[in-house]
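A quick write-up on the structure given underneath.
What you see is a predicted model, and the numbers here were worked out from it, not measured in a lab.
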Amino acid sequence: MTNNKKAFYHRPNTKQSKSPMMRWTFVTLGWIFFVLGIIGILLPVMPTAPFILLAAGCWARSSKRFHFWLINHKYFGKFVRDWENNHAVPLYAKVLATVMMAASTAMLFYRLPADMMWIAWVVAAACSGVAIYLFRLPNA
């Protein structure tokens, strides 16, 4: 008989706030970020990963139950654990993010009128900075 139980990751070193008001604030922010992350799955213009990581950070400071639920989540758990342990991002996520940023920036250059082209250059500089930051992180 095989053991089909999955591993449960326990993080006893969460830095929970002592103030009940701050814990409630972090719990609420965690849920807001989590919902925005779920919306990001459905809408291509919204990112998912930053919101899920923000939710994990908020819940680590407020609720062990929600934080443990997220780090053991079927879809998000490995991603959150990789980030918390090593600040690592999967290579496919880096490539996908860079391709999407490049496509979005190219559309700005194509669609904006000439007098607003500075906006496209600002976005291109920001996206370039994000891409450089992403590829400097270790691969998960």
Please list every donor-acceptor pair under 3.5 Å in which a side-chain atom of residues 39-52 meets a protein atom from a residue at least two apart or in another chain.
residue	atom	partner	partner atom	Å
T48	OG1	G37	O	3.4
T48	OG1	G40	O	3.3
T48	OG1	I41	N	3.2

Which pair of heavy atoms, one from [X] and one from [Y], lies closest together, and at what distance?
| X | Y | value |
| --- | --- | --- |
| A120 | T105 | O-CG2, 4.2 Å |
| E84 | I71 | OE1-CG2, 3.9 Å |
| G30 | A55 | O-CB, 3.3 Å |
| P138 | H87 | CD-O, 3.4 Å |

For the atom pair [atom1] ([X]) and [atom2] ([Y]), what is the distance rounded to the nearest 0.5 Å?
| X | Y | atom1 | atom2 | answer |
| --- | --- | --- | --- | --- |
| S104 | F109 | OG | CZ | 12.5 Å |
| L112 | M107 | CG | CE | 10.0 Å |
| M100 | C127 | CE | SG | 11.0 Å |
| L108 | M117 | CG | CE | 9.0 Å |
| R61 | R23 | CZ | CZ | 14.5 Å |
| L91 | L134 | CG | CG | 10.5 Å |

W69 and H73 aromatic ring geometry - parallel, tilted or perpendicular at 30°/60° bounds:
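Geometry flag for W69 against H73: perpendicular rings.
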Can you say whether the rings of F66 and W59 are parallel (under 30°), tilted (30 to 60°) or perpendicular (over 60°)?
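Tilted: the ring planes of F66 and W59 meet at 30° to 60°.
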Is the closest side-chain heavy-atom distance between V130 and F135 below 4.5 Å?
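A side-chain contact is absent here, since even the closest heavy-atom pair is not under 4.5 Å.
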Measuring only between side-chain heavy atoms, which start at C-beta, is F34 closer than 4.5 Å to L70?
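Yes - at least one pair of side-chain heavy atoms lies under 4.5 Å apart.
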Same apolar cluster: [X] and [Y], side chain cutoff 4.5 Å:
| X | Y | answer |
| --- | --- | --- |
| L137 | F76 | yes |
| V27 | M21 | no |
| L29 | L54 | yes |
| L53 | F68 | yes |
| Y75 | I38 | no |

Main-chain N/O of W24 paired to T28 side chain as donor or acceptor, under 3.5 Å:
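At least one qualifying donor-acceptor pair exists.
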State which residues pass side chain to side chain contact (heavy atoms under 4.5 Å, CB included) with A93; sequence neighbours excluded, sorted by chain then number.
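Listed in chain order: V89, P90.
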Could you name each residue pair satisfying side chain to side chain donor-acceptor pair (under 3.5 Å) that touches residues 118-140, not counting sequence neighbours?
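Passing the test, one end in residues 118-140: K94-N139.
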